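Every chain is numbered from 1 and lettered A, B, ... according to where its sequence line falls, protein lines coming before strand lines. Computed from a prediction, not measured in an experiment: that's the story for all the values here.
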Protein chains: 2
Amino acid sequence: MVAVEARHLRYAVALAEHGHFGRAAASLGIAQPPLSTQIAALEREVGERLFDRTSRGVFPTAAGEAFLVRARAALAEMHRARIDAARAARGETGRLRIGVVASALLDPLPTVLGRFRRSRPEVRLIVQEMTTPEVAAGLLDGELDVAVGRGGPRGAGAEDLVTVPIGADHLVAVVSAAHPFAGQPGVTVEQLAAEPLVVETDAAESYLRPLFADDPAPLGAAATARDIHTIAGLAACCAGVGLGPSRMRLIARPDVWFCDVAPRYRLPDLQMSFRAADPSPVLAAFLDVVRRNCARVGSRLDDLLARHPAITQV
Amino acid sequence: MVAVEARHLRYAVALAEHGHFGRAAASLGIAQPPLSTQIAALEREVGERLFDRTSRGVFPTAAGEAFLVRARAALAEMHRARIDAARAARGETGRLRIGVVASALLDPLPTVLGRFRRSRPEVRLIVQEMTTPEVAAGLLDGELDVAVGRGGPRGAGAEDLVTVPIGADHLVAVVSAAHPFAGQPGVTVEQLAAEPLVVETDAAESYLRPLFADDPAPLGAAATARDIHTIAGLAACCAGVGLGPSRMRLIARPDVWFCDVAPRYRLPDLQMSFRAADPSPVLAAFLDVVRRNCARVGSRLDDLLARHPAITQV
DNA sequence: GACCACGATATCCGTGGTGTATCGGGAAAG
DNA sequence: CTTTCCCGATACACCACGGATATCGTGGTC
């Protein structure tokens with residue numbers, strides 16, 4: 001009473017194909033007697049005669065026909081198991097969940113994501129627009145594989161992450177085309193302080209605070225929005241003067257005007273993060289694309305991998 | 001370098017389920033070391049690491065996840081192979097191709113086919129209306145499994161068939177409700193000889209010839225049709241007096257009238273045939289239904305099987 | 001009636017899967 | 001920091017099972 005093994009299936013399929021014990025055995029690279037015994041064992045195990053041995057050849061019975069259909073399917077599955085495992089190990093299949101802030105979707109991401117999609121067409125790429133805090137939380141919760149935020153994740157768990165800068169910005173203002181600032185190349189912080197401001201929801205408590213260190217009042221009165229598209233939209237509606245990263249200039253709206261803020265005020269970098277211990281081959285493949293397509297980020301990743309090769313096998 | 005066997009799949013699935021070598025081995029009824037070696041062998045054979053052994057448990061890698069999906073599918077196929085083989089051996093699946101003359105579809109077949117369909121709902125039942133010669137040829141060609149014709153197959157190959165009678169008929173005439181015969185209980189052969197006749201296509205050369213042995217002229221002038229429904233239809237159109245088996249009375253048409261032919265003239269029996277050497281379990285199951293549902297045919301089949309048990313394993 | 005082809009059976013051999021015993025490493029507890 | 005414990009890997013012996021060779025039984029054919 002031994003279990004049915006893949007060997008039995010291979011033998012049965014070969015026997016059905018050749019209709020002859022001797023030739024089937026030869027095609028399997030074994031002698032005829034073991035094939036007879038294995039087929040007999042299979043029939044005993046299944047409990048039904050699977051082949052009719054006649055003088056004109058060996059033919060599957062009705063039960064044999066039904067069995068062979070499944071047997072072929074099972075063998076095909078086993079073959080595909082090996083194929084799929086190899087493909088998954090090369091990062092050719094699987095999924096990659098990316099959380100990203102809207103501004104990164106304007107500049108570095110379209111190129112990278114496009115190339116990655118082309119190089120790994122079977123990977124399910126799940127991109128979600130989020131805010132910086134959401135992005136960090138999602139990565140630590142395991143709901144994301146890659147996070148792109150501004151300033152990178154901080155706090156508990158951040159030491160298990162690897163973070164690389166993927167873009168620098170300075171602050172720019174955006175106003176309606178009808179606003180007095182429209183047409184000006186720049187505005188000063190003093191001018192801004194006199195205007196109603198539209199800023200990112202949590203920017204007041206984070207990167208904008210130092211700018212209005214003298215008098216934080218304008219930030220307190222500011223309207224807020226959760227992404228730069230909404231900021232630009234509100235500015236276009238004359239809801240106020242929008243503030244955002246210089247990357248925001250890539251929003252192609254004819255009804256707004258962008259001014260540099262003087263003095264030039266550097267914003268926290270766009271940062272890409274992933275779990276240092278993440279063994280995902282898809283992530284490795286993604287990082288490979290990032291490294292190849294962003295010269296500065298690439299060298300940074302090279303460094304990281306050289307110093308800490310256990311991070312992931314790119 | 002040994003092939004991947006079903007054992008490897010079972011072990012990998014169990015390991016993934018338990019996340020623990022010891023417990024997985026226990027669930028498989030083997031000790032822990034062999035499980036370790038078998039998983040290692042599987043990984044070596046597939047060429048990829050399939051499980052990450054951590055201190056918190058054993059988890060599939062990305063390659064392992066992909067492999068396990070296929071592995072589970074392959075094992076399920078193997079299980080279904082056994083199920084399907086057993087079902088096919090019991091005649092619960094498969095197909096049965098039946099060729100049958102129209103008159104048999106009026107009386108004995110509806111009951112038998114209905115019961116068989118209910119007792120073996122997964123068998124694909126292919127019923128084709130044919131003429132007696134077509135039915136015999138189809139059976140000998142292997143295009144049918146069961147043939148129901150009038151008089152049974154004759155000629156080359158008929159000795160490889162088993163044939164049992166499933167219904168007796170005598171000749172009846174069918175006329176339009178507007179015909180002078182309408183309302184009469186019977187007609188004589190002499191009366192028929194004076195009328196234009198509508199008969200089955202090959203009936204003139206076979207079973208009707210003796211009836212008009214004195215003067216075959218009426219048959220020569222007869223219109224012909226390939227089945228009894230058409231005969232009745234032509235009669236209803238006043239194309240002539242139709243002749244057919246008494247079974248034809250079961251055609252429920254209000255526009256025709258049936259008369260017995262005097263003297264009563266027995267027609268060749270309806271016969272059911274199948275290949276004596278046909279091992280099909282579906283056929284066996286079908287014959288079982290026939291035997292149980294037709295008392296006279298059943299005893300005949302019992303006799304046949306008793307005298308010649310090699311025919312088929314009912 | 002003898003030969004031939006083919007599958008089944010008998011017997012021996014070797015591989016490999018399994019069990020017992022043990023090692024090694026990492027994490028948690030003291 | 002040391003000890004302990006847990007767990008997977010390794011070592012090794014055993015034997016069951018798959019495979020090879022030799023032979024038999026049988027049905028079909030010339």
Consider the side chain of A:A31, meaning its heavy atoms from C-beta on, and name the nucleotide among C:dT18, D:dT21, C:dG7 that approaches it most closely. D:dT21
Checking all strands, does B:R7 fall into the base, sugar-phosphate, or nothing category for heavy-atom contacts under 4.0 angstrom? sugar-phosphate
Pick base, sugar-phosphate or nothing for B:G57, based on heavy-atom distances below 4.0 Å to the nucleic acid. nothing
Of D:dG8, D:dG19, C:dT18, the nucleotide closest to the side chain of B:Y11 is C:dT18
Any side-chain heavy-atom pair of B:V112 and B:F286 under 4.5 Å: yes
For the side chain of B:S55, starting at C-beta, report the closest nucleotide among D:dG8, C:dG17, C:dA27. C:dA27
Counting only side-chain heavy atoms from C-beta out, which of C:dG17, D:dA20, C:dA8 sits nearest to A:F21? C:dA8
Below 4.0 angstrom, N of the basic side chain to O of the carboxylate: do B:E43 and B:R53 qualify? yes
So, is B:R53 close to the D:dA9 phosphate, meaning a side-chain N or O under 4.0 Å from OP1 or OP2? yes
Over how many whole Å does the gap from A:I30 atom CD1 to C:dC13 atom P extend? 21 Å
Can you tell which of D:dA9, D:dA22, D:dG19 lies closest to the side chain of A:P33? D:dA22
For residues A:L283 and A:D145, report the shortest heavy-atom separation together with the two atoms involved. CD1-O, 4.3 Å
How is A:Q32 classified with respect to the nucleic acid when contacts are heavy atoms under 4.0 Å: base, sugar-phosphate, or nothing? base
